[in-house]
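One structure is given here, and the rest of the page talks about it.
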Amino acid sequence: MKVLGGIPRSSYIACSGGVDSMAALSFVRNNPQNKTEVLFYDHDTPTSRRAYIFLREYCKEHKIKFTSSRMEVAMPQGVSKEAFWREQRYSFFSHFKAKPIIMAHHLDDVVETYVFSMINGNGFTIPYSNENIIRPFLLTKKEDMVNWCERKEVPWVEDTTNKDNNFARNRIRNVILPEIKKINPGIQKVVAKKVKSEYIRVNGSQ
């Protein structure tokens, strides 16, 4: 797994229980000098409840401090479910300022964001950091995270909603991107260069 900007010795990790964040958690804890705590936000869905139980037990078994919150706000009509969940999740994270919060966004996420934003007229990538939130795995491919979990025998929870193409991001991931990769197999390399350039522009060096 490729790391951008390094891994802090002390951190929180935003963990959903999915393969990406479980790979990030395992990778960070693979170095015994790193001390981390897990933050989990429950979107009050069946998958999220399963993930909560899974993570609670996983953290208990591995002696990891686990902090969670559950969504109790009704979603307004006419609002994107994805956008609303994201807003509520980041509102929860905003209460944890004592140290960096590691997010598990990876290169495939960046490509999806770039394509999605291009479709909407303004191509951009996922930033490395926002306040105390950092994303050190932006250059890591999704397949490398899956391989890490399989090699290290790290369990995870499958989110069945990832196959629901009623969500715009899922349509891009499951339908549009496979076609783009046929036209430009090097799309990940193109976007990775943009990620590196933006990181250097903001931080001075990689």
Side-chain angles (χ1 to χ4, degrees), residues 1-5 13-28 43 45-48 50-51 79-87 89-90 102-130 133-203 206:
M1 287 169 56
K2 295 181 179 179
V3 173
L4 183 67
I13 292 188
C15 197
S16 67
V19 66
D20 306 338
S21 57
M22 291 304 293
L25 177 60
S26 171
F27 183 88
V28 171
H43 297 109
T45 66
T47 297
S48 203
R50 282 195 300 112
V79 175
S80 161
K81 185 180 290 187
E82 291 171 294
F84 181 70
W85 283 350
R86 183 182 186 279
E87 179 184 294
R89 192 166 60 247
Y90 276 79
I102 294 175
M103 308 285 278
H105 293 96
H106 49 70
L107 183 56
D108 296 60
D109 291 324
V110 186
V111 174
E112 289 171 19
T113 296
Y114 184 67
V115 170
F116 184 79
S117 59
M118 285 287 287
I119 290 171
N120 286 282
N122 184 23
F124 57 84
T125 59
I126 299 173
Y128 168 76
S129 63
N130 300 100
I133 290 175
I134 62 171
R135 303 176 179 89
F137 300 104
L138 294 180
L139 298 178
T140 299
K141 295 179 182 178
K142 167 86 172 190
E143 65 186 87
D144 293 331
M145 289 187 149
V146 174
N147 289 340
W148 176 275
C149 286
E150 289 176 345
R151 284 191 296 108
K152 298 290 185 178
E153 298 184 336
V154 178
W156 72 84
V157 174
E158 288 287 354
D159 185 351
T160 55
T161 64
N162 286 337
K163 297 178 181 178
D164 184 354
N165 289 337
N166 287 315
F167 293 105
R169 292 290 294 238
N170 289 352
R171 287 201 300 278
I172 290 172
R173 181 186 309 125
N174 301 328
V175 180
I176 297 174
L177 271 179
E179 294 301 316
I180 290 176
K181 288 178 179 178
K182 291 177 184 177
I183 298 169
N184 182 3
I187 184 66
Q188 287 184 318
K189 290 183 179 180
V190 171
V191 175
K193 286 182 180 179
K194 291 182 177 294
V195 170
K196 292 177 185 176
S197 296
E198 181 62 14
Y199 180 87
I200 292 170
R201 184 187 71 81
V202 174
N203 299 280
Q206 187 178 327

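- At least one side-chain heavy atom of Thr47 sits less than 4.5 Å from a side-chain heavy atom of Arg50.
- With a 4.5 Å cut-off on side-chain heavy atoms, Tyr90 and Asn130 do not count as touching.
- For residues 120-129, no pair satisfies side chain to side chain donor-acceptor pair (under 3.5 Å), with sequence neighbours left out.
- By the ring-ring contact (aromatic ring centres under 6.0 Å, His included) test, Phe84 is found to be paired with no residue, residues two or more places apart in sequence or in another chain being considered.
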- Message: With side chain to side chain contact (heavy atoms under 4.5 Å, CB included) as the criterion, how do Asp109 and Glu112 come out once you've worked through the C-alpha distance, each side chain's angles and the decisive distance to 0.1 Å?
- Response: CA-CA 5 Å; Asp109 291 324; Glu112 289 171 19; 4.2 Å; yes
- Query: Hey, mind stepping through Leu177 and Ile180 against side chain to side chain contact (heavy atoms under 4.5 Å, CB included) and telling me if it holds?
  - Reply: CA-CA 5 Å; Leu177 271 179; Ile180 290 176; 4.2 Å; yes
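- The distance from atom CG of Leu107 to atom NZ of Lys189, rounded to the nearest 0.5 Å, is 11.5 Å.
- Under the 4.5 Å side-chain criterion, counting only non-hydrogen atoms from C-beta, Val115 is not in contact with Met118.
- Contacts of Thr140 classified as side-chain contact (heavy atoms from CB on, under 4.5 Å), with partners at least two apart in sequence or in another chain: Met1, Lys2, Phe137, Asp144, Met145.
- Under 4.0 Å is where a charged nitrogen must lie from a carboxylate oxygen, and between Asp108 and Lys141 no such pair does.
- With hydrogens and angles ignored, the 3.5 Å screen pairs a side-chain donor or acceptor of Arg135 with a backbone N or O of Pro127.
- Between the side chain of Ser26 and the backbone N or O of Ala23, no donor-acceptor pair lies under 3.5 Å.
- Atom CZ of Arg171 and atom CD1 of Ile176 lie 7.5 Å apart (nearest 0.5 Å).
- Considering CG of Leu138 and CD1 of Ile126, their distance stands at 6.0 Å, rounded to 0.5 Å.
- Using modelled atom types, one side-chain atom of Ser117 and one backbone atom of Phe124 make a donor-acceptor pair closer than 3.5 Å.
- Of all heavy-atom pairs spanning Ser16 and Ala51, the tightest one is O-CB, 3.3 Å.
- Remark: Ile133 CD1 to His105 NE2 distance equals 9.0 Å, nearest 0.5 Å.
- Defined by atom type and a distance below 3.5 Å, a donor-acceptor pair is present between the side-chain atoms of Trp156 and Glu158.
- For the atom pair Asp20 CG and Met103 CE, the distance stands at 11.5 Å (nearest 0.5 Å).
- For Lys194, the NZ atom is loosely surrounded, since the number of other residues' heavy atoms within 6.0 Å does not exceed 12.
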- Message: Phe27 vs Trp148, test: side chain to side chain contact (heavy atoms under 4.5 Å, CB included). Steps then yes/no.
- Response: CA-CA 8 Å; Phe27 183 88; Trp148 176 275; 3.7 Å; yes
- How far apart are the C-alpha atoms of Leu139 and Val195, what are their side-chain angles, what is the distance that settles it, and do they pass the side chain to side chain contact (heavy atoms under 4.5 Å, CB included) test? CA-CA 8 Å; Leu139 298 178; Val195 170; 3.9 Å; yes
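- Here the CD1-SG distance, from Ile102 to Cys15, works out to 11.0 Å after rounding to the nearest 0.5 Å.
- Using a 3.5 Å distance cut-off with no hydrogens or angles, the side chains of Arg89 and His43 do pair a donor with an acceptor.
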